[in-house]
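See below for the structure under consideration.
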Amino acid sequence: VRTRLALDMIQNAAYSSPSWAAQFVLDGREAEGDPGAFAQAIPNLAHYLARYDPAAAVEWASKLGDDEPAAMGRIMGAWADQDPEAAAGYASETDLGAARRESLVEIAKAWTGQDPQAALAWASEFDGQEAVVVTSALVNRLVNSGDLEAATATLETMLARDDAAPAVGKHFEVAAFSVTVNLAAHDHDRAMQIVERLEDEGARATATAGMVAAWLRKDPAAASEWVGGLEPGRPRDGAVDQIVRSVAESDGEAAFAWAATITGASERVESMETSLRAWSQQDPHAAAAALAGVALDAAQRERLAKALK
């Protein structure tokens, strides 16, 4: 209870008296003999402290031990909201250790919101995996701010770089998904070109599923034809699942037929379950007969049989 009350007090003081709250955290951790105490309050407190005094926030974060990376990312973001160039300069000149990547992401997001061209110029200074991370964060912010054309062009430029590191990671996967799903609504050809250039299977699978979901709402026949021509694998499996979800309520039989083509065993069973649940409401006898004709192990059959009830 005492810890909960202390956390509430820190959260409440973070906005009005961040310096006091920051010192309270340090003193409290020492008194408790627990270097991880009040960890939940640190990111939010770091943000507000940096808004008032970035230098003091950085010094405070250096005393947080294992919680320093969580604090530094928020500090860099808040600092960049006020002066992105200064925050970027500090990040480039300082060994931020485990906090470096998240700090660069926060700076990229904040700077892009203020001056996209300056942020792009800064991002171009990076190479290797850091270039992928920073540019991906920039792309995500451009999409969120409604500048899809700039986001798409930036992503395409990154993918075209001869010296680019493999485009992987959570930030890149989100960027590729965000661009393709929004682009597919009005220019699926360009979205397809981006998807086909994604080397990482996870990113390609996520982007393909998102693109197909958007495309199905506009032209289901064309989207289905394209998915049917994909090579077996995770990208096709995810796209097929989108078709199943799109048609199941109106045509459970077609949905089940699509689901049966998924190569991943667990994904196939899950998609079959979706289609059978809908089909059993349309034609329960046909759905049961179709299930009886599919090769399954006992656990899979038991699970799918429940979808018929």
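Throughout, numbering of the chain's residues begins at 1 and tracks the sequence.
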Quiz item: So, Thr206 side chain and Ala203 main chain: donor-acceptor pair closer than 3.5 Å or not?
Solution: no
Practice problem: Give a yes or no on whether Val174 and Leu155 share a hydrophobic cluster (residues Ile, Leu, Val, Met, Phe, Trp, Tyr; joining criterion: side-chain heavy atoms under 4.5 Å apart). | Solution: no
Quiz item: Closest heavy-atom contact between Pro220 and Leu216?
Solution: CD-O, 3.3 Å
Self-check item: Step-by-step side-chain contact (heavy atoms from CB on, under 4.5 Å) determination, Arg204 to Glu201
Solution: CA-CA 5 Å; Arg204 192 165 70 252; Glu201 187 180 45; 4.2 Å; yes
Self-check item: Asp189 and Gln193 side chains, donor-acceptor separation under 3.5 Å
Solution: no
Quiz item: Donor-acceptor pair, Asp187 side chain versus Leu183 backbone, under 3.5 Å?
Solution: no
Quiz item: Heavy atoms, side chains only, cut-off 4.5 Å: are Glu125 and Ser92 in contact?
Solution: no
Quiz item: Is the side chain of Ser280 donor-acceptor paired with the backbone N or O of Arg277 at a distance under 3.5 Å, no angle test?
Solution: yes
Quiz item: Should His171 and Val105 count as side-chain neighbours, where that means a heavy-atom distance under 4.5 Å?
Solution: yes
Exercise. Linking directly or through intermediates, with side-chain heavy atoms under 4.5 Å: list the remaining ILVMFWY members grouped with Trp122, chain and number order.
Key: Val58, Met72, Ile75, Met76, Trp79, Tyr90, Leu96, Leu104, Ile107, Trp111, Phe126, Val134
Quiz item: So, the side chain of Asp237 versus the backbone of Gly264: is there a donor-acceptor pair under 3.5 Å, distance only?
Solution: yes
Exercise. Give a yes or no on this: more than 12 heavy atoms of other residues, nucleotides or ligands lie within 6.0 Å of atom CG of Asp27.
Key: yes
Practice problem: Please tell me if the side chains of Asp147 and Pro116 come closer than 4.5 Å, counting only heavy atoms from C-beta onward. | Solution: no
Quiz item: Yes or no on side-chain contact (heavy atoms from CB on, under 4.5 Å) for Asp283 and His285, after CA distance, side-chain angles and deciding distance?
Solution: CA-CA 6 Å; Asp283 189 339; His285 296 297; 4.1 Å; yes
Quiz item: Is Leu198 close to Glu196 at the side-chain level, that is, under 4.5 Å between some pair of heavy atoms?
Solution: no
Quiz item: When you measure from the side chain of Thr261 to the backbone N and O of Ala257, does any donor-acceptor pair fall under 3.5 Å?
Solution: no
Self-check item: Asp241 side chain vs Ser271 backbone, donor-acceptor pair below 3.5 Å
Solution: no
Exercise. Supply the atom-to-atom distance Ile42 CD1 to Arg74 CZ, rounded to the nearest 0.5 angstrom.
Key: 12.0 Å
Practice problem: Could you tell me whether the side chain of Gln114 and the main chain of Ala119 form a donor-acceptor pair under 3.5 Å? | Solution: no
Exercise. Identify the two heavy atoms, one from Gly65 and one from Pro69, that lie closest to each other, and give their separation to 0.1 Å.
Key: O-CD, 4.1 Å
Quiz item: So, do Asp67 and Pro43 sit near enough that their side-chain heavy atoms are less than 4.5 Å apart?
Solution: no
Quiz item: Given the rule that I, L, V, M, F, W and Y join up when any side-chain heavy atoms are under 4.5 Å apart, are Val179 and Val195 in one cluster?
Solution: no
Quiz item: Going by side-chain heavy atoms closer than 4.5 Å, which hydrophobic residues are tied to Met272, directly or by a chain of links?
Solution: Phe256, Val269, Leu276, Trp279, Leu291, Val294, Leu296, Leu304, Leu308
Quiz item: Who passes ring-ring contact (aromatic ring centres under 6.0 Å, His included) against Trp258, sequence neighbours left out?
Solution: none
Quiz item: Backbone N or O of Ala278 within a donor-acceptor pair of the Glu249 side chain at under 3.5 Å?
Solution: no
Quiz item: How many angstroms lie between atom CG of Leu120 and atom OG1 of Thr135, to the nearest 0.5 angstrom?
Solution: 8.0 Å
Quiz item: For Glu156, does the CD atom sit with more than 12 other heavy atoms under 6.0 Å from it, leaving out its own atoms?
Solution: yes
Self-check item: Transitive ILVMFWY side-chain link Trp20 to Tyr52, under 4.5 Å
Solution: no
Quiz prompt | Atom CD of Gln300 with >12 non-hydrogen neighbours under 6.0 angstrom | solution = yes
Exercise. For Thr180 and Ala176, indicate whether the former's side chain and the latter's backbone hold a donor-acceptor pair under 3.5 Å.
Key: yes
Quiz item: Same cluster for Ile194 and Val139 if Ile/Leu/Val/Met/Phe/Trp/Tyr side chains link at under 4.5 Å?
Solution: yes
Quiz item: Transitively linked via ILVMFWY side-chain contacts under 4.5 Å: Met192 with Val240?
Solution: yes
Exercise. Working to the nearest 0.5 Å, report the span between OG1 of Thr154 and CD of Glu149.
Key: 9.0 Å
Quiz prompt | Atom pair CD/OG of Gln282 and Ser275 - distance to nearest 0.5 Å | solution = 10.0 Å
Exercise. Scan for salt bridge (charged side-chain N to carboxylate O under 4.0 Å, His left out) pairs involving residues 291-309, sequence neighbours excluded, and state none if there are none.
Key: Glu273-Arg303
Quiz item: Quick one: are Gln23 and Trp60 in side-chain contact, heavy atoms under 4.5 Å?
Solution: no
Exercise. For side-chain contact (heavy atoms from CB on, under 4.5 Å), just list the numbers for Leu148 and His186, CA-CA rounded to whole Å, side-chain angles, deciding distance to a tenth of an Å, and then say yes or no.
Key: CA-CA 11 Å; Leu148 181 59; His186 62 273; 3.5 Å; yes
Self-check item: Ser178 OG to Glu173 CD distance, which is reported to the nearest 0.5 Å
Solution: 10.5 Å
Practice problem: Give every residue pair that meets the side-chain hydrogen bond (donor to acceptor under 3.5 Å, both in side chains) criterion with at least one member in residues 96-107, sequence neighbours excluded. | Solution: Arg100-Glu130, Glu106-Lys109
Quiz item: About how many Å separate CZ of Phe177 and OG1 of Thr208, when rounded to the nearest 0.5 Å?
Solution: 11.0 Å
Self-check item: Gln82 side chain vs Ala50 backbone, donor-acceptor pair below 3.5 Å
Solution: yes
Self-check item: All pairs passing ring pair (Phe, Tyr, Trp, His ring centres under 6.0 Å) where residues 210-238 contributes a residue, at least two apart
Solution: His188-Trp215, Trp215-Trp226
